Amino acid sequence: MIKIAPSILSADFLKLADEIKSIETSGADLVHLDIMDGHFVPNITFGPMIVKQIRPLTKLPFDAHLMISNPTQFIPQFADAGCEMITVHAETEQHLHRTIQFIKKLGLKAGISVNPHTAVDFLPYVGDLCDLFLVMSVNPGFGGQEYIKSASEKIRKAAEIREKCGFNYEISVDGGVNAKTLPEIIKAGADIAVMGSYFFGKPAAERSELVRNAKNISK
Ligand code: DX5
Ligand code: ZN
């Protein structure tokens, strides 16, 4: 069954505590944290200080998606802030394998994300260390964009490589996930659906139904 990871990027930050609690009560599985630096992506969000403050609000795992240059520099701070999973972008790293080793040494789950233009050919050489492979299905930086169709093929390729190489990473899909695109994403082999505007665009009272419906598609 697909796991749901609402991204607080689209939450109402004036009611952030309630929004985070609604993630848990909706039956979602993870809290997705979009960390942006205004350098790797053309937007800025929040950093480890905020993550540490919101950590006590839920027992759900924190899935940090680092859209920042030089991610290694900040990994210990996000680990210390209470993130269970840290994902870095392949495009930001000269030494991706070493960075994944570093995250694993800290006792965390490690993920790699790829922008829409980045191919998955490198996966056989680092996928054994990964707990997560996050396919960007929009250009990172903003919520509410349209799903880029070529992501579906990439999900399928990542699943094929996992099968062929005997790896265990979960495949996460991020960007433009909604009722329309979910069936295709699930069919392609996604294990985790990140949802920003679709989840937070609904009133809190309707979010459990949204999660239930999404999970029912994948039954
Ligand atoms: C975009 C972020 C996404 C974003 C998705 O750079 O990585 O996690 O929140 O938003 P939606 O679901 O609205 O496309
Ligand atoms: Zn994200």
Side-chain angles (χ1 to χ4, degrees), residues 2-13 16 19-20 22-23 26 28-48 50-51 54 60-69 71 74 78 83-92 109-118 130-152 154-155 158 169-186 190-203 206-207 210-211 213-214 217:
I2 192 128
K3 292 183 186 170
I4 306 296
S7 162
I8 63 166
L9 181 67
S10 294
D12 180 346
F13 273 63
L16 190 55
E19 294 280 67
I20 290 169
S22 92
I23 297 179
S26 73
D29 303 275
L30 305 162
V31 177
H32 187 83
L33 304 170
D34 284 308
I35 312 298
M36 305 186 189
D37 65 352
H39 185 262
F40 176 62
V41 289
N43 198 4
I44 299 175
T45 54
F46 49 88
I50 303 281
V51 175
I54 62 174
L60 291 179
F62 275 9
D63 162 28
H65 175 196
L66 304 189
M67 287 161 277
I68 62 176
S69 302
F74 288 99
F78 284 103
C83 296
E84 278 84 355
M85 305 160 77
I86 297 186
T87 295
V88 298
H89 265 261
E91 300 86 1
T92 61
K109 290 191 173 181
I112 295 175
S113 182
V114 285
N115 282 338
H117 76 276
T118 303
C130 288
D131 300 287
L132 190 73
F133 183 62
L134 190 153
V135 175
M136 283 310 301
S137 41
V138 296
N139 285 299
F142 303 95
Q145 303 180 78
E146 202 176 319
Y147 184 79
I148 295 171
K149 283 199 174 4
S150 57
S152 304
K154 207 181 281 187
I155 299 165
Y169 51 76
E170 290 185 289
I171 301 169
S172 184
V173 183
D174 189 359
V177 178
N178 54 39
K180 211 177 107 204
T181 53
L182 257 171
E184 180 175 334
I185 290 162
I186 291 169
D191 304 297
I192 302 173
V194 177
M195 285 177 190
S197 52
Y198 181 52
F199 183 88
F200 286 105
K202 300 260 188 228
E206 291 173 26
R207 292 174 188 165
L210 181 159
V211 170
N213 288 343
I217 302 173

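Owing to the predicted nature of the structure, the values given are computational and were not obtained by experimental measurement. Side chains are part of it too, since the values below use all heavy atoms of this structure and drop only hydrogens, waters and symmetry mates. In each ligand, atom 1 is the first atom listed, and ligand 1 is the first ligand listed.
Below 4.0 Å from some heavy atom of Leu9 lie the following atoms of ligand 1, by number and element: 4 (C), 9 (O). Close approach of ligand 1 to Met67 is summarised as follows: ligand atoms under 4.0 Å from at least one heavy atom of the residue are 6 (O), 7 (O). Residue-ligand proximity, His65 to ligand 1, at heavy-atom distances under 4.0 Å covers atoms 7 (O). The ligand atoms of ligand 1 that sit less than 4.0 angstrom from a heavy atom of Pro140 are 6 (O). Near Val194, the atoms of ligand 1 lying under 4.0 angstrom from a non-hydrogen atom of the residue are 8 (O). Within ligand 1, the atoms closer than 4.0 Å to a non-hydrogen atom of Gly175 are 14 (O), numbered from 1 in the order shown. Taking every non-hydrogen atom of Gly143 and a distance limit under 4.0 Å, the qualifying atoms of ligand 1 come out as 10 (O), 13 (O). Atom numbering of ligand 1 starts at 1 in the shown order; those under 4.0 Å from a heavy atom of His32 are 8 (O).
Distance from atom 6 (O) of ligand 1 to its nearest protein heavy atom, with residue and atom name: Gly141 N, 2.7 Å. In this structure, atom 14 (O) of ligand 1 lies nearest to the protein heavy atom Gly176 N, 2.8 Å. Protein heavy atom at the shortest distance from atom 5 (C) of ligand 1 is Asp174 OD1, 3.5 Å. Remark: minimum distance from atom 12 (O) of ligand 1 to any protein heavy atom is reached at Gly196 N, 2.8 Å.
With contacts defined as side-chain heavy-atom distances shorter than 4.5 Å, the pair Ile54/Phe62 qualifies. Counting only heavy atoms from C-beta outward, the side chains of Val31 and Ile8 approach each other to under 4.5 Å. Side-chain contact check for Leu60 versus Ile23: some heavy-atom pair is nearer than 4.5 Å. Side-chain contact between Pro140 and Asn115 is present, with heavy atoms from C-beta onward closer than 4.5 Å. Side-chain contact between Phe74 and Asp37 is absent, with no heavy-atom pair separated by less than 4.5 Å. Contact of the Leu9 side chain with the His32 side chain is not registered, since no non-hydrogen atoms from C-beta on lie closer than 4.5 Å. The shortest distance between side-chain heavy atoms of Glu170 and Lys3 falls below 4.5 Å.
Taking 4.0 Å as the cut-off between side-chain N and carboxylate O, Glu184 and Lys149 do not count as a salt-bridged pair. Salt bridge Arg207/Glu19: present, at least one basic N to carboxylate O contact under 4.0 Å.
Both the backbone and the side chain of Ser197 come within contact range of ligand 1, each with a heavy atom under 4.0 Å. In Phe142, the part holding a heavy atom less than 4.0 Å from any atom of ligand 1 is the backbone.
Between Ser7 and ligand 1, a contact under 3.5 Å exists for at least one N or O pair. For Gly144, a nitrogen or oxygen atom sits less than 3.5 Å from a nitrogen or oxygen atom of ligand 1, counting backbone and side chain alike.
Between His65 and His89, the two ring planes are parallel [angle under 30°; tilted spans 30° to 60°].
Heavy-atom contacts from other residues, nucleotides or ligands closer than 6.0 Å to CD of Glu206 number more than 12.
Angle OD1 (Asp34) to the Zn ion (ligand 2) to NE2 (His32): 90°, rounded to 10°.
Counting just the N/O/S atoms of Asp174, the one with the shortest distance to the Zn ion (ligand 2) is named OD2. Nearest to the Zn ion (ligand 2), among the N, O or S atoms that His65 has, is ND1.
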Passes side chain to side chain donor-acceptor pair (under 3.5 Å), Ser10 versus Tyr198? Steps please. CA-CA 9 Å; Ser10 294; Tyr198 181 52; over 6 Å; no
